[in-house]
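Take a look at the structure set out below.
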Amino acid sequence: MKPFLLLATRAEDAAADAEYSSFLRFGGLEPHQLHRVRAEAGPLPSVDLGAYSGILLGGSPFNSSDPEEDKPVNQRRVEGELNELLHRVVATDFPFFGACYGVGTLGRHQGAVIDRTYAEPIGAIRISLTRDGATDPLLAGLPPEFDAFVGHKEACTTLPAGAVLLASSGTCPVQMFRVKRNLYATQFHPELDVEALVGRIDIYRNAGYFPPEEADVYMERTRASRVDQPSRILGNFVERYARVI
């Protein structure tokens, strides 16, 4: 099988390694089947799409909707390189799945309005599939409604022209969409289970997602949640797009 490519942007080693482990686990992949590039650490190497089965993009502390003049130099570099890669990915309809930051990157590339209107605090929320979502192969086996973990400062207010809405929630209308046939983005995190989110809360307690002194409260809320459906999406993505060498 040709490997998948995980593009990561988390500078904290503990967060980056935990994210990679989650994508491996829920994608049903071995380390040699998921190559990781930490784009925040240096220039993105040339990506030969023909060498991969598909691309996964992890979450990020970056906010794509921030004014350009307020973005750190490294963020502007990463976003420019991802944008160039997306030119090729979209043109060829190459299998792509972006979790959380995927909405900002793929959405902005395709003309979506990304802003802070529908930010959501860290925790579990109820996701509802649309009619199109109920028949999409990446959502096969998921119930019409399920809980998923979120935590984001920006979201999609207006979908790109031609995009298909697959899932929504009461607090954030665009939770998942598809562009063309093979390009996907979710606002929620299908790679997070309870323990993974607890670890991320600890790592990002000073990142502005919640008052630092309330970290333990968020951890307890997370431990009381039951989130066991969204990870199927990653398994479906791998199963659908795995290519034989």
Side-chain angles (χ1 to χ4, degrees), residues 1-10 19-20 23-24 26-27 29 33-60 62-65 74-114 132-133 136-139 154-156 158-167 174-191 233-245:
M1 185 189 83
K2 291 184 179 181
F4 288 82
L5 174 64
L6 174 63
L7 299 176
T9 61
R10 300 186 183 277
E19 180 180 71
Y20 180 57
F23 275 103
L24 284 172
F26 293 124
L29 297 166
Q33 296 173 322
L34 183 61
H35 294 173
R36 176 176 60 163
V37 173
R38 292 183 62 174
E40 90 293 342
L44 186 69
S46 178
V47 176
D48 177 7
L49 297 181
Y52 293 103
S53 289
I55 294 175
L56 297 159
L57 176 67
S60 179
F62 297 153
N63 291 298
S64 63
S65 63
N74 200 41
Q75 179 179 349
R76 294 200 298 269
R77 175 190 60 79
V78 169
E79 290 182 349
E81 291 170 350
L82 289 177
N83 203 52
E84 288 299 314
L85 177 59
L86 282 171
H87 289 338
R88 294 193 289 134
V89 167
V90 173
T92 58
D93 198 15
F94 186 78
F96 174 91
F97 181 90
C100 195
Y101 191 45
V103 168
T105 52
L106 179 61
R108 286 192 74 198
H109 185 273
Q110 292 297 290
V113 175
I114 308 294
D132 288 310
D136 191 276
L138 245 64
L139 292 160
E154 64 179 9
C156 180
T158 304
L159 276 173
V164 178
L165 181 65
L166 301 176
V174 179
Q175 285 287 348
M176 183 175 183
F177 66 84
R178 187 186 73 239
V179 173
K180 293 189 172 182
R181 291 178 58 85
N182 301 312
L183 313 173
Y184 292 87
T186 60
Q187 189 63 74
F188 58 90
H189 286 272
E191 83 282 9
I233 297 170
L234 298 179
N236 288 343
F237 183 82
V238 169
E239 182 178 355
R240 182 181 184 192
Y241 294 115
R243 301 180 182 187
V244 177
I245 296 176

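Model, not experiment: these values are computed from the prediction. Values reported hereafter were calculated over all heavy atoms of this structure, with side chains retained and with hydrogens, waters and symmetry mates removed.
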Could you walk me through whether His109 and Leu85 pass the side-chain contact (heavy atoms from CB on, under 4.5 Å) test, one step at a time? CA-CA 10 Å; His109 185 273; Leu85 177 59; over 6 Å; no

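- Distance check, rounded to the nearest 0.5 Å: CG of Leu138 to OG1 of Thr186 gives 9.5 Å.
- Leu165 has its side chain out of reach of Asp132: every pair of non-hydrogen atoms, C-beta onward, lies at least 4.5 Å apart.
- The distance from the NE2 atom of His189 to the CG atom of Leu234 is 11.5 Å, given to the nearest 0.5 Å.
- Rounded to the nearest 0.5 angstrom, Leu29 CG and Leu56 CG are separated by 8.0 Å.
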For Ile233 and Phe188, what are the C-alpha separation, side-chain angles and deciding distance, and is it a side-chain contact (heavy atoms from CB on, under 4.5 Å)? CA-CA 11 Å; Ile233 297 170; Phe188 58 90; 3.7 Å; yes

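- The heavy-atom pair separating Leu6 from Gly58 by the smallest distance is CD1-N, 4.0 Å.
- Remark: side-chain polar atoms of Arg108 are paired, donor with acceptor, to backbone N or O of Ser64 under 3.5 angstrom.
- Atom-to-atom distance recorded for Leu24:CG and Glu191:CD is 12.0 Å, nearest 0.5 angstrom.
- In this structure, Glu84 and Leu44 have side chains that are not in contact, with every pair of non-hydrogen atoms separated by 4.5 Å or more.
- Sequence neighbours left out, the pairs with a member in residues 39-55 that pass salt bridge (charged side-chain N to carboxylate O under 4.0 Å, His left out) are Arg38-Glu40.
- To the nearest 0.5 Å, atom CZ of residue Phe96 and atom OH of residue Tyr241 are 12.0 Å apart.
- The ring pair (Phe, Tyr, Trp, His ring centres under 6.0 Å) contacts involving residues 34-58 comprise His35-Tyr52, where partners must be two or more places apart or lie in separate chains.
- Looking at heavy atoms from C-beta onward, Gln187 lies in side-chain contact with Cys100 at the 4.5 angstrom threshold.
- The list of salt bridge (charged side-chain N to carboxylate O under 4.0 Å, His left out) pairs with a residue in residues 178-187, not counting sequence neighbours, reads Asp136-Arg178.
- Counting all heavy atoms, side chain and backbone alike, Ala51 lies closest to Lys2 at O-CB, 3.9 Å.
- Taking CG of Leu183 as the reference point, atom CD of Gln110 lies at 7.5 Å (rounded to 0.5 Å).
- Between Pro190 and Phe26, the closest side-chain pair of non-hydrogen atoms is not below 4.5 Å.
- One N or O on the side chain of Glu19 and one on the backbone of Gly59 form a donor-acceptor pair closer than 3.5 Å.
- With Tyr20 contributing its side chain and Leu34 its backbone, the two residues share a donor-acceptor pair below 3.5 Å.
- For the pair Arg243 (side chain) and Gly54 (backbone), a donor-acceptor distance under 3.5 Å is absent.
- Of all heavy-atom pairs between Arg240 and Asn182, the closest is NH2-OD1, 3.8 Å.
- The heavy-atom pair separating Val103 from Ala185 by the smallest distance is N-CB, 3.8 Å.
- Between Tyr101 and Phe62, the angle of the ring planes goes over 60°, which puts this pair in the perpendicular group of the 30/60° scheme.
- When side chains are defined from C-beta on, Phe4 does not count as touching Phe23, because their heavy atoms never get closer than 4.5 Å.
- For the pair Met1 and Ser53, the tightest heavy-atom approach, listed with the atom from each and the gap, is CG-OG, 4.2 Å.
- Proximity of Leu49 to Ile55: side-chain heavy atoms (C-beta onward) are separated by under 4.5 Å at one or more points.
- Checking side-chain atoms of Glu154 against main-chain N and O of Ser65 turns up a donor-acceptor pair under 3.5 Å.
- The shortest distance between side-chain heavy atoms of Phe177 and Leu106 falls below 4.5 Å.
- Between Asn74 and Arg77 the shortest side-chain heavy-atom distance falls below 4.5 Å.
- Contact record, Val37 with Pro45: CG1-CD, 3.8 Å, taken as the closest heavy-atom pair.
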